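Here is the structure we will look at.
None of these values were measured; they are calculated from a predicted model.
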Amino acid sequence: MKPTDEEATIVERGNVVEPYHLARRSLASVHDSVDPRIRPSDLPTDEELDQGYVQQLTEYIEHKHHRHHHPDEKETSEKGSLEHEGKEDDETIYVEFEENDPRNPMSFSRARKWAITFTASFFSIIVASSSSAYALGDDSMIRDLNATKFQATVGLSMYTLGFGLVPLVSASFSEEFGRQPLYLFSGIGCLLMHLMMALAPNIQTVIVGRFLAGAFGSTGSTMVGGTVADIWAPHEYAFPPRGMPMSLFAVMALVGPGVGCVAAGWIEQNPHLQWRWIQWIHVIWTGIFVVMVPIFMKETRSGVLLTRMAKKLRKETGNHHYRARIEDERASLRTLIYISCTRPIYLLLTEPVVAAFSLWVGFAWGILYVLVESIAPAFMTIHHFNIGQTGTVFSSMIVGCFVGLAMQLYQEKLYTKYAPTKGPEARLFSACVGALLFPAGIFIYAWCTFSYVHWMGMAVGIFVIMTALFVLYVAVFTYLADCYGVFASSALAGQSLCRNLMGMAFPLFTEQMFSRLTYHWGNTLFGFIAVAMIPIPYVLMWKGPAIRASSKFASQTVHKQ
């Protein structure tokens, strides 16, 4: 006899009864959302629920995979989804965590949450540092590998290309295996790629290693936002609110380029170290992260945990009606690949909120990589700095990030005050300020690029740019996480794709642009583009609720907050 809705399930192991229950819900009362593009005919069969993806892939390759449908089932799907959904209500039992269940990532202890947040963010600073530190070793690498300046720049761009493309596929693996194994696998892969670059005999090996290092390291950028959303509640009564853990992630991600360049400048200055030791340092730090993952991290993807528990219930009870809601979009390999690979792009192209923020943060990210690529030649040409002194200039990036963090602390107070009335738009006060600071910083930097202007003028411009970039970056992650809930990882992957494609493209034309337009006019052009983007956060503050209400994805999340 099937259990009734809202009835608790107790799983027994021999004579031991687990102290915490799993709630059993009907479709009408289940809380988890799935992709609205999922059709009733896409729902997995009972056979597929417990079938591994490796087995499904093997069957696809051997042309043995067939989904058998009863003739009546096909007829029903053609008539429409209402009758089918009613049938599912009667047959399917969705499992959920009970309130305050310690197995629920949202119910982890505060110490555990901070340990997970710090470990994931630590990976962010490693991969962010690697993205920029590489550029400071260009001269010795070009000399040792007999390469050209453009080939070295391609290595810088390939890293961000891997960052942007791979998460579209790697999200599938996080749905099957969970976040923790993906962090571990990514850390090991990143370590091996830096090892390959440290031992590289030619520039081609370096370029391939950079792309693969970015591919593995993309986890440290795109998945951390989802991890924070997994364990920290956005509501004003949750302390600390989600914005503070997200700020830690942003500090790590944006301080990373500055820290990497400051260190790499003096490593490059030492003739006994230079570019290979820039890579060896990252091998060491990545190895520390790999050790930290199994010690401090736990699985945070609630859908993965519930899927494991649902499979256990099906195995122990023999009742195939038990199902985690997320299984409706991931049990079939075909459906999983379709959803994971297309949803970030779908959101990027169809959701105005994701598109606007992606365009804005993408341009800002391109400017960041323009700075990484151009600061060294600008200071060496205009003010005759050596490479070590040039690396130290990047410390202005670090200071800018911490001032941005101070602004974010005040932003969190505003969010606590206004969230009950404004909702997710209460995340955007600092972004409105950042929208003004960003072009101001670019103009300061542009018009201080003269030999008769003290070098501190350019440093102040870099500082203002990074302060604005920090608050923009945090606003994007926290606002999209609040708006899209369980779809946050896909929304963030969409903006990450746009952001990293621009980060890839901008350095490729930086040198040529500045040689034709000069540093002050080239950066002035960027400043005017930034001015054109000032209205983005203000429009979202004004029309955000109406825009989200019309979204198939955001509307599933907003009503819960």
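Under a 3.5 Å cut-off, the side chain of Lys422 and the backbone N or O of Arg427 do not form any donor-acceptor pair. Using modelled atom types, no side-chain atom of Thr286 and backbone atom of Leu191 make a donor-acceptor pair closer than 3.5 Å. In this structure, His282 contributes its side chain and His194 its backbone to no donor-acceptor pair below 3.5 Å. Without hydrogens or angle criteria, Ser124 side chain to Ala253 main chain gives no donor-acceptor distance under 3.5 Å. Here the side chain of Tyr159 pairs a donor or acceptor atom with the backbone of Val127 at under 3.5 angstrom. Without hydrogens or angle criteria, Gln411 side chain to Ala426 main chain gives a donor-acceptor distance under 3.5 Å. With Arg112 contributing its side chain and Phe296 its backbone, the two residues share a donor-acceptor pair below 3.5 Å. Counting only distance, with no hydrogens or angles, the side chain of Ser130 and the backbone of Ile126 share no donor-acceptor pair below 3.5 Å.
Aromatic rings of Tyr418 and Tyr415 (six-membered ring for Trp) have centroids beyond the 6.0 Å cut-off, not under it. Ring centers of Phe528 and Phe443: under 6.0 Å apart, within the cut-off.
Residue Thr524 forms a side-chain hydrogen bond (donor to acceptor under 3.5 Å, both in side chains) with just one option from Tyr519, Trp447, Tyr445, and that option is Trp447.
Side-chain atoms of Pro537 and Phe429, non-hydrogen and from C-beta on, never get closer than 4.5 Å to each other. Counting only heavy atoms from C-beta outward, the side chains of Cys432 and Met541 approach each other to under 4.5 Å. Considering only heavy atoms from C-beta on, Phe123 stays 4.5 Å or farther from Val224 through its side chain. Proximity of Trp365 to Met502: side-chain heavy atoms (C-beta onward) are nowhere separated by under 4.5 Å. Asn523 places none of its side-chain heavy atoms less than 4.5 Å from the side chain of Met458. Proximity of Tyr473 to Phe470: side-chain heavy atoms (C-beta onward) are nowhere separated by under 4.5 Å. In this structure the side chain of Cys448 never reaches within 4.5 angstrom of the side chain of Val460, judged on heavy atoms. Met504 has its side chain out of reach of Arg499: every pair of non-hydrogen atoms, C-beta onward, lies at least 4.5 Å apart.
Rounding to the nearest 0.5 Å gives a distance of 9.0 Å between CD1 of Ile295 and OG1 of Thr119. To the nearest 0.5 Å, the span separating CE on Met297 from OG1 on Thr227 amounts to 5.5 Å. Here OG of Ser107 is found 6.5 Å from CG of Asp101. Values are rounded to the nearest 0.5 Å. Taking CG from Leu405 and CG from Leu409, the interatomic distance works out to 5.0 Å, rounded to the nearest 0.5 Å. Atom OG1 of residue Thr160 and atom CG of residue Leu368 lie 10.5 Å apart, to the nearest 0.5 angstrom. Atom CZ in Phe402 sits 15.5 Å away from atom CE in Met407 (nearest 0.5 Å).
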- prompt: Can Leu472 and Phe357 be said to form a side chain to side chain contact (heavy atoms under 4.5 Å, CB included), step by step?
  reply: CA-CA 9 Å; Leu472 190 163; Phe357 260 141; 5.5 Å; no

message: Working note: Leu248 + Trp114, criterion side chain to side chain contact (heavy atoms under 4.5 Å, CB included); need CA distance, chi angles, decisive distance, verdict.
response: CA-CA 10 Å; Leu248 174 63; Trp114 276 114; 3.9 Å; yes

message: Leu305 vs Arg103, test: side chain to side chain contact (heavy atoms under 4.5 Å, CB included). Steps then yes/no.
response: CA-CA 8 Å; Leu305 295 173; Arg103 295 171 297 183; 5.8 Å; no

- request: Report the C-alpha distance between Cys401 and Val251 in whole Å, list the side-chain angles of each, state the deciding distance to 0.1 Å, and finish with yes or no for side chain to side chain contact (heavy atoms under 4.5 Å, CB included).
  value: CA-CA 6 Å; Cys401 287; Val251 167; 5.6 Å; no

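Leu501 and Leu161 get closest at one heavy-atom pair: CD2-CD1, 3.9 Å. Closest approach of Ser218 to Phe163, counting heavy atoms only: CB-O, 3.6 Å. Nearest heavy atom pair, residue Gly434 against residue Val471, reads CA-CG2, 3.7 Å. Contact between Ile465 and Ile442 at its shortest, heavy atoms only, is CG1-N, 3.6 Å. Taking both residues in full, the closest heavy atoms of Gly209 and Met197 are given as C-SD, 3.8 Å, listed atom of the first, atom of the second, then distance. The shortest non-hydrogen separation linking Leu469 to Leu254 is O-CD1, 3.9 Å.
Judged purely by distance below 3.5 Å, without hydrogens or angles, the side chains of Trp232 and Thr117 pair a donor atom with an acceptor atom. Tyr479 and Glu425 share a donor-acceptor pair across their side chains, judged by distance under 3.5 Å alone. Judged purely by distance below 3.5 Å, without hydrogens or angles, the side chains of Ser157 and Tyr369 never pair a donor atom with an acceptor atom.
By the 30° and 60° cut-offs, the orientation of the rings of Phe506 relative to Phe509 is tilted.
Within a 6.0 Å sphere centred on CD of Glu299, heavy atoms belonging to other residues, nucleotides or ligands number more than 12.
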